[in-house]
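Single-structure report; data block below.
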Protein chains: 2
Amino acid sequence: MHIQTQNAFRALADPTRRDIVQILAAQEMTIGQLTDRFDMTRAAVKKHLTVLSDGGLISVEARGRERINRLEPQGLAPVLDWLSYFDQFWDDRLNSLKEAIERKKK
Amino acid sequence: MHIQTQNAFRALADPTRRDIVQILAAQEMTIGQLTDRFDMTRAAVKKHLTVLSDGGLISVEARGRERINRLEPQGLAPVLDWLSYFDQFWDDRLNSLKEAIERKKK
DNA sequence: TTGACATGATACCATTTAGTATCATACTTA
DNA sequence: TAAGTATGATACTAAATGGTATCATGTCAA
């Protein structure tokens, strides 16, 4: 059993963590900056970041006394791989995503 | 916040439940049949099925004294929709999925 | 109709989880 | 160097989670 798959799915199971992932998709942030976006303590945000890091969804770079948290999109790969098992059930949906990509490339 | 999205992600967060989803993708089953595939009691499997049902990932049809559990692939839609937010990060991976689909269609 | 079978439901337990409060550490800067 | 700032780490709590055991209900079949 793939521990990466498990850790990634587990990381995405919490709504706060999914929000963090979306925020970091737009802009990298320190823990303090992220904490400003939520109604919880810095310690709680830090815990979520640890779970996201375990899931391979973010990376952390030390910069002075700050820690820059960045999205690692390839961490979503195990999730997509697992979902791809169900190709035969959602060809239509995948095709619409494919078309969106084609449009964007023009 | 989309409760369906939350329930679907939560349902997929457990490895036993992901296994159940894959088993049901191949063949619909009763609770008893599913229990044979796992090293846990029928009651535990039933709990997982309830979580999967809450997540919209399976449906249950009563047939006599049996309950037929079926995969509901469209329950994965909220998960895919959420992931599609990150299109710009995994064009390559999506393209490989797209290619797999194209190959299959031939 | 009666026994066997498939499931539903409830109570209970141990562990994990999501959060807080608090203190320690390390870096910046006046 | 000393104060302020950003983060790390630990201990603690309440609630959710994953599991069991047990009993109730409903259906099938002889």
Side-chain angles (χ1 to χ4, degrees), chain A residues 1-24 27-72, chain B residues 1-24 27-71 79:
Chain A
M1 212 250 312
H2 301 264
I3 195 65
Q4 272 179 307
T5 302
Q6 173 55 24
N7 285 348
F9 268 108
R10 163 164 141 63
L12 295 178
D14 183 272
T16 297
R17 287 195 291 267
R18 288 197 304 277
D19 286 347
I20 291 175
V21 165
Q22 289 200 323
I23 289 172
L24 293 182
Q27 189 183 4
E28 61 186 32
M29 282 192 186
T30 66
I31 297 182
Q33 290 172 315
L34 276 170
T35 303
D36 291 341
R37 307 288 196 97
F38 295 95
D39 188 25
M40 64 183 71
T41 64
R42 183 183 52 74
V45 172
K46 161 69 174 166
K47 278 194 182 182
H48 284 306
L49 289 172
T50 299
V51 175
L52 286 168
S53 179
D54 289 347
L57 297 175
I58 67 167
S59 63
V60 187
E61 180 200 348
R63 183 145 65 196
R65 63 183 158 185
E66 295 183 335
R67 299 291 181 278
I68 311 298
N69 298 275
R70 283 201 192 85
L71 180 66
E72 293 293 336
Chain B
M1 211 254 309
H2 302 265
I3 195 65
Q4 269 179 309
T5 302
Q6 173 55 24
N7 285 348
F9 269 107
R10 165 166 137 60
L12 294 178
D14 183 272
T16 298
R17 287 195 290 267
R18 289 197 304 279
D19 286 347
I20 290 175
V21 165
Q22 289 200 324
I23 290 172
L24 293 182
Q27 189 183 4
E28 61 186 31
M29 281 192 188
T30 66
I31 298 183
Q33 289 172 315
L34 277 170
T35 302
D36 290 342
R37 306 287 196 99
F38 295 96
D39 188 24
M40 64 184 70
T41 63
R42 185 182 51 76
V45 172
K46 160 68 172 168
K47 278 195 182 182
H48 285 306
L49 289 172
T50 298
V51 176
L52 287 168
S53 179
D54 289 347
L57 298 175
I58 66 167
S59 63
V60 187
E61 180 201 346
R63 184 145 63 197
R65 63 184 158 182
E66 295 183 337
R67 299 291 180 279
I68 311 298
N69 298 274
R70 284 201 192 83
L71 181 66
V79 174

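Residue numbers begin at 1 in each chain, while the letters A, B, ... track the order of the sequences. Every value quoted in this text rests on a predicted model; they were computed, and no experiment measured them.
Not a single donor-acceptor contact under 3.5 angstrom links the side-chain atoms of R17(B) to the base of dG18(D). With hydrogens and angles ignored, a donor-acceptor pair closer than 3.5 Å exists between the side chain of R65(A) and the base of dT5(D).
Rounding to whole angstrom units, CZ of residue R42(B) and P of dA21(D) are separated by 12 Å. One interatomic measurement links the two molecules: CG of L12(B) to C1' of dT17(D), which rounds to 16 Å at whole-angstrom precision. Across the protein-nucleic acid pair, L49(B) atom CG and dG18(D) atom P stand 13 Å apart, rounded to whole Å. Regarding M40(B), its CE atom lies at a distance of 10 Å from the P atom of dG18(D), rounded to whole Å. Residue M29(B) contributes atom CE, which lies 12 Å from atom P of dT7(C) at whole-angstrom precision. Put simply, CD on E66(B) is 7 Å from C1' on dA6(C), counting in whole angstrom units. Protein atom CZ of R18(A) is 12 Å distant from nucleotide atom P of dA18(C), rounded to whole Å. To the nearest angstrom, P of dA16(D) lies 14 Å from CG of D54(B).
Remark: K47(A) is not in phosphate contact with dG19(C), judged by side-chain N or O atoms under 4.0 Å from OP1 or OP2. Distances shown here put a side-chain N or O of H48(B) below 4.0 Å from the OP1 or OP2 atom of dG19(D). Side-chain N/O atoms of R67(B) include one lying less than 4.0 angstrom from OP1 or OP2 on dG8(C). OP1 or OP2 of dG18(D) has not a single side-chain nitrogen or oxygen of T16(B) nearer than 4.0 Å. Taking 4.0 angstrom as the limit, T41(B) places none of its side-chain polar atoms (N or O) nearer than this to OP1 or OP2 of dG19(D).
Place I68(B) and D39(A) on DNA chain C by their nearest nucleotides, and I68(B) ends up nearer the 5' end. Positionally, the nearest nucleotide of DNA chain C for R10(A) lies more toward the 5' end than for the other of R10(A) and G64(A).
Applying the 6.0 Å contact sphere to CG of D39(B) captures no more than 12 heavy atoms from other residues, nucleotides or ligands. Around CZ of R70(A), the count of heavy atoms belonging to other residues, nucleotides or ligands within 6.0 Å exceeds 12. Within a 6.0 Å sphere centred on CD of Q4(B), heavy atoms belonging to other residues, nucleotides or ligands number 12 at most.
Of all non-hydrogen atoms in R17(A) and R10(A), the two that sit nearest each other are NH2-O, 3.2 Å. Contact record, A8(A) with L57(A): O-CD1, 4.3 Å, taken as the closest heavy-atom pair.
At the heavy-atom level, R63(A) lies nowhere under 4.0 Å from the strands shown.
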